[in-house]
Amino acid sequence: MSKQNTKSTAVRILSVICPLVYFASYLTRKNYSVVMSEIIISESITNSQGSLAVTLSLISYGFGQIISGILGDKFKPQRVVLLGLIFSAIFNVALPFCPDTWSRAIVWFLNGFAQSLIWPPLVRIMAATMDRKSYNDCTVNVNIAATVATILLYLTASTVWIRFFNWKYVFFSSAFLCLIITLLWVLGFKKISANGINFAQNTKASSPAEQKPHLSFKKLCASGFILIAIAIICQGSLRDGINDWVPTFIINTFSLESESAILKSIVLPIFTVISLKAVGIVSGRFVKNEVKAAFFCFACGLGGCLFLLFFYTANQYLTLIVSALTCAFMHCVNFFLVCIVPAKFEKYGLVSTMSGIINSFTYIGSAAATYGFGAISDNWGWNACVISWVVIAVLGSGLCLLAFRPWKRFYSEK
């Protein structure tokens, strides 16, 4: 088989198994957030106690992203991903047997680290194998697969597990599907390896022409990276904070049953799928500066937060739809800043490392928001919580506006 045909085969296989892996990742990571409102009610705990496991998971996930990024550049990234999948399945099986808040929090903290081993090596695999169009298309599909996993969680949790059994079965079913996809990952890479594709890191270049240019800290700062990093923190806090708390938000505001609120919250990932398909089309044809595009998405999200501030008590369905739109725009920001920006570091040989660092900022925001929004709602009510969403959206929009010119100069350099 020719070299071109070999690479084409690898791209086709990866275009299937990479989205499947992220589907499994979200099944075994977002399931706690999806049933958090039911755990709070059934275990008779406060919002902040219920969110402790998610908060610790996000902290370990964010910190682990940096380690995972380095491992993904130093070793075979497919093996790092495999470890993440296996341990995620194990911790999902373990969580339902935990008797109290702190034991659940510890297990989910460990699960967060296992989950962190998946994304940065996955980005390196895609960036090293695919051209720009294939990379963008696969990245969109990876994000959509994650959202489809969330839809499946909302649907099965509300109509099957909670209704007829209890929240614990969500974790057992997630672990089972994760193990099936882990097997597909192993078989897929067996086929790729048989065709001669090897992701082992070359530590020595054979000629000066193969040497990667050096990325200095000064050059990185001049790119607007610090502004982008803080904007990513804002994105993470709004994307995951709003998404995780919407079921509890509408339960408290409109006095709904938990399974009803969880089922209705399925509108959030449905809007996300639509937005990701749209952003994939727009990105490939019109977007030249991903940070500028992130600014426009942030501005739209700000509009949603302002609408909620004044009208969130008016109607539960209107509140759900506007919340879903706001989260959808934050997923678009995530696509531009977390998925596309790291690929710009391919010329420095730092795709996995920068992907890990960049994604870690998302989960700094997510961890702060998941616990913070719960504490704010417990102490000052949901109106104060929505005000905090507006402030965060204003900050994120402003940072992207300031960063897009320095970033354009950085990635345009030869």
Side-chain angles (χ1 to χ4, degrees), residues 62 65-66 69 123 136 139 143 213 215-242 275 278-279 282-283 286-309 325-348 350-351 353-369 372-373 386-414:
Q65 290 286 306
I66 300 171
V123 173
N136 282 5
T139 303
N143 281 273
L215 178 64
S216 67
F217 182 72
K218 181 178 179 181
K219 187 174 185 179
L220 184 64
C221 290
S223 71
F225 181 77
I226 293 175
L227 299 173
I228 294 170
I230 301 172
I232 292 170
I233 293 173
C234 294
Q235 171 270 142
S237 65
L238 288 178
R239 186 196 69 179
D240 291 336
I242 296 175
S275 69
V279 83
V282 170
S283 175
F286 305 110
V287 174
K288 304 299 181 185
N289 186 325
E290 45 276 356
V291 177
K292 187 175 183 178
F295 162 72
F296 286 110
C297 295
F298 247 125
C300 293
L302 172 60
C305 292
L306 286 169
F307 187 92
L308 286 172
L309 179 61
L325 282 169
T326 304
C327 286
F329 281 117
M330 291 306 104
H331 276 278
C332 293
V333 174
N334 182 81
F335 174 79
F336 289 119
L337 298 187
V338 178
C339 300
I340 302 302
V341 164
K344 303 294 184 180
F345 294 92
E346 170 69 14
K347 63 182 178 181
Y348 299 102
L350 294 171
V351 173
T353 300
M354 293 308 298
S355 177
I357 292 171
I358 287 169
N359 207 24
S360 71
F361 290 115
T362 296
Y363 291 95
I364 290 172
S366 297
F373 293 161
V386 178
I387 290 172
S388 71
W389 298 351
V390 172
V391 172
I392 293 167
V394 169
L395 180 60
S397 302
L399 289 165
C400 288
L401 186 64
L402 292 172
F404 73 72
R405 290 189 185 279
W407 179 252
K408 182 179 180 180
R409 288 195 298 269
F410 170 76
Y411 74 71
S412 298
E413 292 177 0
K414 302 296 184 183

- Please report the C-alpha distance between L238 and F329 in whole Å, then the side-chain angles of each, then the deciding distance to 0.1 Å, and finally whether the side-chain contact (heavy atoms from CB on, under 4.5 Å) criterion is met. CA-CA 10 Å; L238 288 178; F329 281 117; over 6 Å; no

dist R239:CZ -> I232:CD1 (nearest 0.5 Å) comes out at 10.5 Å

CD of E290 to SG of C297, rounded to nearest 0.5 Å, is 12.0 Å

Value for CG (L325) from SG (C300), rounded to nearest 0.5 Å, stands at 9.5 Å

Minimal heavy-atom distance between G224 and P406, with the atoms involved, is N-CB, 3.9 Å

Do the non-hydrogen side-chain atoms of N334 and N143 ever get within less than 4.5 Å of each other? yes

Interatomic distance, CG@L402 vs CD1@I226, rounded to 0.5 Å, equals 13.0 Å

query = Under 4.5 Å between any side-chain heavy atoms of I233 and T362, yes or no?
reply = no

S366 side-chain N/O to G236 backbone N/O, donor-acceptor pair under 3.5 Å
yes

**Asked** Judged by atom type as modelled, is there a donor-acceptor pair below 3.5 Å linking the side chain of N359 to the main-chain atoms of Q65?
**Response** no

Closest non-hydrogen contact found for I358 with L337 is CG2-O, 3.6 Å

inquiry  = With heavy-atom distances below 4.5 Å as the criterion, would you say the side chains of V341 and W407 are in contact?
reply    = yes

For C305 and V386, the nearest pair of non-hydrogen atoms, with its separation, is O-CG1, 3.9 Å

Validation row: L399, F298 side chains within 4.5 angstrom (heavy atoms): no

Note: G241 and A369 closest approach over all heavy atoms is CA-CB, 4.0 Å

Output for pair (F336 CZ, N289 CG), nearest 0.5 Å, gives 10.0 Å

Note: V333 and A294 closest approach over all heavy atoms is CG2-O, 3.7 Å

The reported gap from CZ in F225 to CD1 in I357 (rounded to nearest 0.5 angstrom) is 6.0 Å

Heavy atoms of S397 and F295 approach each other most closely as O-CD1, 3.2 Å

